[in-house]
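Computed over heavy atoms, backbone and side chain alike; hydrogens, waters and symmetry mates excluded. One-based numbering, in listed order, for ligands and for the atoms of each.
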Amino acid sequence: MPTSDMRFFEVINARRSIRQFTAECVPVEVLEAIVQAGLESPTGCNAQLRQYIIVTDPAVMDRLRTVSKAMDGAPAAIVQLIEPKPTQWGDFHLQDAAASIQSMLLAAVALGYASCWIEGQVRRSHEEIRRMLGVPDTLHVSAILPIGRAAQQPRRPEKATLAQTTYYDSYGRKKA
Ligand SMILES: Cc1cc2nc3c(=O)[nH]c(=O)nc-3n(C[C@H](O)[C@H](O)[C@H](O)COP(=O)(O)O)c2cc1C
């Protein structure tokens with residue numbers, strides 16, 4: 001592997017979906033740094049259709065945690081909202097949302113915290129989450145990221161390999 005920035009790849013490899021958290025509070029500066037990483041991600045036509053809600057109020061967290069078992073004990077969360085608005089070159093809002101979420105997941109790990117991508121938009125409780133947080137109808141809740149210290153160390157799930165998924169110069173052509 002090229003060794004230009006090993007720490008970056010350590011973060012990539014260390015990231016796991018964590019679904020149980022300790023009660024340790026997360027400083028708001030940490031949560032803002034994670035959102036900042038999301039804001040740095042690319043967006044189609046630079047449309048920047050995302051907004052965020054940082055949740056630390058224990059009463060709001062108690063309600064939010066009812067949305068998914070994957071937020072067990074989480075003391076904080078970042079809720080990503082997205083305006084499903086097409087650009088003049090096409091509708092990229094789902095891709096924009098995903099790029100930002102991945103950056104935030106990696107930023108959390110880089111800062112010593114853990115998270116899990118909890119889907120919002122296709123959830124049965126999407127409307128309920130929207131009402132819970134006072135989100136206007138013009139925005140979708142694209143994801144909820146619980147943030148906290150990991151209280152579990154799940155094994156790396158099996159991942160497809162380079163040999164299984166990757167071709168060279170044309171589809172189906174293996175490495176010489
Ligand atoms: C689009 C998307 C939606 C996901 N939604 C959920 C979810 O609602 N709840 C959950 O527990 N995990 C969710 N996950 C996490 C996946 O289950 C997890 O990434 C996968 O099992 C691989 O594990 P890893 O993240 O530790 O590599 C989601 C992941 C993605 C990319």
- Residue-ligand contact R156/ligand 1, heavy atom below 4.0 Å: no
- Would you sort out whether E127 and R130 count as a salt bridge (Lys or Arg N to Asp or Glu O under 4.0 Å), showing the intermediate values? CA-CA 5 Å; E127 283 310 312; R130 220 209 297 255; 2.6 Å; yes
- Just checking, R149 and F21: is the charged tip under 6.0 Å from the six-membered ring centre and within 45° of the axis? no
- Query: Do any pairs count as a ring pair (Phe, Tyr, Trp, His ring centres under 6.0 Å) and have a residue in residues 132-176, sequence neighbours left out, and if so which ones?
  - Reply: H126-H140, Y167-Y171
- Tell me, yes or no, whether the heavy-atom count around Q153 atom CD, taken from other residues, nucleotides or ligands under 6.0 Å, exceeds 12. no
- Query: If you measure from each non-hydrogen atom of C116 to ligand 1, which part falls under 4.0 Å: side chain, backbone, both or neither?
  - Reply: side chain
- Taking only non-hydrogen atoms of A70 and a 4.0 Å limit, the atoms of ligand 1 in range are 11 (O)
- Task: Go through the side-chain N and O atoms of Q80 and S100 and say whether any donor and acceptor fall under 3.5 Å apart.
- Result: yes
- Query: To which protein heavy atom is atom 14 (N) of ligand 1 closest, and what is the distance rounded to 0.1 Å?
  - Reply: W117 O, 3.0 Å
- Message: salt bridge (Lys or Arg N to Asp or Glu O under 4.0 Å), that's the test. Do D72 and K69 meet it? Break it down for me.
- Response: CA-CA 6 Å; D72 189 8; K69 287 191 184 119; over 6 Å; no
- Task: Return the residue, atom name and 0.1 Å-rounded distance of the protein heavy atom closest to atom 23 (O) of ligand 1.
- Result: P157 CG, 3.5 Å
- Message: Please list, in number order, the atoms of ligand 1 under 4.0 Å from a heavy atom of R16.
- Response: 24 (P), 26 (O), 27 (O)
- In the protein, which heavy atom is nearest to atom 25 (O) of ligand 1, and how far is it? S17 OG, 2.6 Å
- Proximal atoms of ligand 1 relative to R123 (non-hydrogen, under 4.0 Å): 8 (O)
- Query: Do any heavy atoms of K69 fall under 4.0 Å from ligand 1?
  - Reply: no
- Under 3.5 Å: N/O of S68 near N/O of ligand 1: no
- Note on the structure: Sequence neighbours excluded, the answer for ring pair (Phe, Tyr, Trp, His ring centres under 6.0 Å) partners of H93 is none
- Query: Nearest protein heavy atom to atom 11 (O) of ligand 1, by residue and atom, and its distance?
  - Reply: R19 NE, 2.7 Å
- Among all protein heavy atoms, pick the one closest to atom 27 (O) of ligand 1 and tell me residue, atom and distance. K159 NZ, 2.6 Å
- Answer whether the closest heavy-atom distance between the side chains of I118 and P146 falls below 4.5 Å. yes
